[in-house]
Amino acid sequence: MKFAEIYLNQTNKRIDHPYDYKIPERFESVIVPGVRVGVTFGNGNRQLEGFVVRVKEETAYPDKIKELEAVIDESPILTKEQIALCLWMKSTYCSLFYEGLYHFTSPVKVVKRLVISEEDPHENRIAFEPYESTEKIYRLERKETVRGSVQKQILELLETRDFTRREICELLGEVGSSLRALEKKGLVSAYERDTSCAVTGGKVRPEEIVLSESGNCLYRQLSEKRRKGTPSFIFEENSETRLMLYCKAVEECLSRGETALMLFPEIGLSLEMRALLYRYFGNAVAVCHGKLSQKERYQIFKRVSCGEIKVLVGSRAALFMPFRKLGLIIVDEERDPSYYSAAMPRYNTITIAQKYADLSDADLIISDEIPSVAAVKKTETGEWTGIHNAPCFVRKKPVPAIVDMQSEMKSGNFDFMSYRLRECLEKTLAEKKTALLLINKRGYASYVFCRSCGYVEKCPTCGVALKYHAGGDVLKCHYCGYTKKRSTTCPECGEKKIKALGLGIDQVYELLKERYPDRHVLKLDGETIASYDDFKRVNHELSEKHWDIILGTRMLLRNFGFQNIGLAAALLIDGDLNHGDYSSSENAYQLYKRFFNRMTENTPCLIQTYEPDNITNEALISENPTDFYRQEFEYRRLMGYPPEKHLVLFSLFHADEAQVANDSHAFFHALKKVCETGAAVEIYEPFLSGVIRGNGQIRWKILLKTKDLNAFKHIIEEVTAAGEIERLASKVSIEIDPPATL
DNA sequence: CTAACAGCAACC
DNA sequence: GTTGCTGTTAGG
């Protein structure tokens with residue numbers, strides 16, 4: 001007699017635990033962990049979908065047991081590592097089992113409600129329906145010199161392997177007519193294949209991966225130092241060097257007969273990069289990102305599952321594909337915000353990647369141009385292995401100059417441009433070079449400071465800058481909820497000069513056009529560059545046309561082909577220095593450091609600020625990058641922020657205001673009681689955090705700090721075992737070290 | 001004595 | 001979520 005332990009596809013956390021069902025003999029051969037089944041549940045015998053996590057010989061509920069009614073999948077749709085990850089996610093993020101499972105199964109067709117036949121038991125077996133369609137695939141027949149440059153490109157591409165029409169167009173643009181011409185000439189031929197499981201095959205002639213001297217140096221170090229079970233962090237600024245290094249590591253992984261996963265931020269997957277990967281890995285590589293259609297994701301899912309795809313490259317969506325023999329995970333640009341999930345559960349890709357690597361016994365390589373504070377800390381404590389390049393390969397970078405806007409005002413200049421900036425800008429214009437101006441002003445809440453002495457009001461308990469809410473004209477701490485009325489008098493110098501600061505990009509753009517009417521001023525922000533096509537178009541324009549001034553938000557950090565830069569200036573850094581969360585210094589440092597690092601050593605660089613002594617400004621003009629990290633470690637240690645202590649954020653949701661308030665307080669006391677019994681965990685009073693857009697739910701938050709996540713995990717286990725979470729009507733979620741607690 | 005109804009635990 | 005059990009109570 002065999003029994004299956006299953007989780008139900010439903011949204012009630014009170015029944016979100018495994019239930020045992022008897023496996024009918026006719027199903028015994030197919031019921032294994034990872035298949036979905038149909039069950040009847042409760043007194044009403046409601047028909048529900050379930051997911052098998054375990055098969056066993058005995059059950060603790062022999063008198064209550066029911067039989068499985070139907071089988072949805074002929075074979076498991078998840079690997080055992082993925083199932084383990086699902087369970088781990090549920091316990092870590094306090095999410096529903098199916099919320100976590102959804103990430104892994106979204107490419108698979110979901111059966112909403114099963115039709116269960118009473119007469120014919122065999123009808124109960126519902127096959128897993130693949131998508132059926134065919135696609136045209138192009139193959140190179142022979143190579144000849146052709147006149148058209150597009151045709152030439154197509155031939156070059158097809159030399160590496162066969163491609164679908166869609167792939168060719170994605171890489172080269174709308175080239176349908178050129179393809180047709182080549183087909184007519186007989187240089188290429190087309191054939192049809194089933195897309196559901198089809199792969200673009202053909203002759204594969206992967207190119208040899210040749211590392212630069214610098215890349216070789218890194219690769220040697222990586223081979224020497226990396227250890228199983230310990231992630232490696234690579235300190236390397238040059239994205240091409242990093243990419244080549246990844247390719248080499250992947251090549252080595254494939255040679256061991258294992259598969260590899262390369263993760264990049266959402267916007268980091270350039271077409272040039274894809275083309276390069278096709279050249280190196282031929283048909284073993286595929287690209288997966290959030291914008292793929294359901295059908296395309298399904299294809300990738302199947303092809304990864306059967307081992308046809310050996311290298312998957314993509315954004316965080318790629319992490320949830322069913323790899324076999326996964327040997328290597330690479331995460332590039334570790335700090336990118338697109339690695340943090342917006343949907344429940346709110347996971348960090350790095351955390352999941354690390355867990356996945358552990359479960360699969362795979363290597364993990366992480367890197368970023370400018371490492372995060374947490375990453376540097378981990379390489380220092382040995383939690384991660386740090387890989388540094390030899391000093392001779394590290395490029396010299398420009399050192400920006402600080403312009404004090406306060407003394408500028410004292411000398412009578414109230415303009416957004418300092419005398420120095422004007423001077424530099426005019427010199428740049430006279431030399432017919434381009435000036436890059438960065439202003440990172442976001443549209444919502446800004447911060448408040450004293451125009452006279454630069455004083456910024458901070459939260460008395462949390463030490464982060466209070467954020468200005470124009471609605472109630474109040475200052476609010478986004479951690480603990482501390483709120484105070486905005487006063488216009490400065491507590492530091494007594495002058496009535498406390499003002500909200502807001503210099504937005506649109507405002508600056510108007511001013512610049514007014515001031516330099518016959519100059520070409522280009523604005524680059526989220527509005528002007530909304531899509532990848534916009535990016536390509538603007539990038540093309542940049543090579544064709546001379547721009548005198550390019551004004552942009554952080555958009556400037558995307559890989560635009562800027563040329564002939566005569567000046568790089570941050571118009572006002574202060575909004576980023578005081579952004580209202582503990583990592584605002586780090587974010588500011590990252591943003592501006594990246595901006596200036598892209599300049600050549602001799603490009604004039606300026607930072608305009610009202611706080612010239614701010615430690616982040618000092619770190620930006622320091623030639624020694626470790627200065628910044630030392631300061632941040634100290635600040636985080638004093639205030640108890642990551643990486644010193646972990647932040648754990650509970651959120652409680654419910655449509656009823658009073659219900660969620662009551663639940664929050666009840667839960668807070670339950671948590672507090674457990675926290676007091678031992679482990680070093682600090683817990684803060686619950687606070688209201690607003691209305692969730694869309695479903696109108698009210699959200700309360702409870703913040704907790706701990707040095708030891710394992711100790712915290714025990715607390716959660718204890719609280720869960722006591723039924724404290726199930727008891728609540730409100731939905732509960734856990735976020736660990738969220739990037740910003742806004 | 002019974003229909004009606006709210007509160008609540010169980011669902012394997 | 002849905003169901004059925006339990007205790008309470010108004011109506012007869």
Side-chain angles (χ1 to χ4, degrees), chain A residues 1-28 30-73 76 78 83-84 86-87 90-91 94-102 105 110-116 118 121 124-126 344-345 652-656 658-663 666-667 670 692 694-698 717 719-733:
Chain A
M1 195 100 89
K2 283 194 168 179
F3 301 95
E5 232 173 68
I6 67 144
Y7 276 92
L8 300 166
N9 183 6
Q10 50 80 43
T11 53
N12 186 343
K13 68 173 180 302
R14 294 186 50 109
I15 49 175
D16 198 43
H17 56 82
Y19 285 93
D20 290 352
Y21 280 84
K22 185 182 168 318
I23 303 173
E25 252 170 60
R26 65 182 189 282
F27 291 165
E28 261 187 25
V30 280
I31 300 294
V32 286
V35 302
R36 293 172 298 171
V37 290
V39 298
T40 58
F41 183 71
N43 284 315
N45 282 331
R46 205 149 47 105
Q47 294 173 359
L48 286 175
E49 178 193 305
F51 185 89
V52 178
V53 289
R54 210 155 82 89
V55 172
K56 52 191 186 180
E57 305 284 332
E58 270 168 28
T59 175
Y61 312 90
D63 42 341
K64 295 179 180 176
I65 212 83
K66 284 186 194 171
E67 278 198 355
L68 293 179
E69 296 285 335
V71 185
I72 299 175
D73 304 305
L78 256 55
I83 298 169
C86 272
L87 292 166
K90 173 175 162 56
S91 66
C94 208
S95 54
L96 297 172
F97 182 82
Y98 259 77
E99 281 176 331
L101 185 72
Y102 177 77
T105 56
V110 179
V111 178
K112 281 277 182 250
R113 190 164 264 261
L114 301 168
V115 185
I116 297 171
E118 306 243 326
N124 287 347
R125 189 162 154 175
I126 298 161
M344 295 289 181
L652 282 86
F653 306 89
H654 202 279
D656 181 6
Q659 180 72 61
V660 64
N662 281 341
D663 281 353
F667 187 52
I692 306 301
N695 59 9
Q697 295 218 316
I698 313 291
E717 274 164 20
V719 172
T720 310
E724 296 294 346
I725 296 176
E726 273 196 13
R727 190 193 322 280
L728 305 172
S730 308
K731 182 174 165 45
V732 182
S733 85

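Per chain, numbering begins at 1; letters A, B, ... match sequence-line order.
Within the 4.0 Å cut-off from OP1 or OP2 of B:dC12, not a single side-chain nitrogen or oxygen of A:K22 is found.
Classification of the A:F51-A:F97 ring pair by plane angle, with boundaries at 30° and 60°, yields tilted.
Here C:dT3 presents its C1' atom at 11 Å from NZ of A:K66, a figure rounded to the nearest Å. Here B:dA10 presents its P atom at 10 Å from NE2 of A:H17, a figure rounded to the nearest Å. A:R46 places its CZ atom 6 Å from the C1' atom of C:dT2, with the value rounded to the nearest Å. Rounded to an integer number of Å, the gap from CG of A:D20 to C1' of B:dC11 is 13 Å. Between the CD atom of A:Q10 and the P atom of C:dG1 there is a distance of 9 Å, rounded to whole Å.
To the nearest 0.5 Å, atom NZ of residue A:K56 and atom NZ of residue A:K2 are 13.5 Å apart.
Here A:E67 pairs with A:K22 in a salt bridge; the nearest charged N to carboxylate O distance falls below 4.0 Å.
For A:N43, taking side-chain heavy atoms from C-beta onward, the closest of the listed nucleotides C:dG4, C:dT2, B:dC11 is C:dG4.
Using a 4.0 Å heavy-atom distance criterion, A:I65 is classed as a sugar-phosphate-only contact. Nucleic acid contact for A:Y21: sugar-phosphate only, since backbone atoms but no base atoms lie under 4.0 Å from a heavy atom of the residue.
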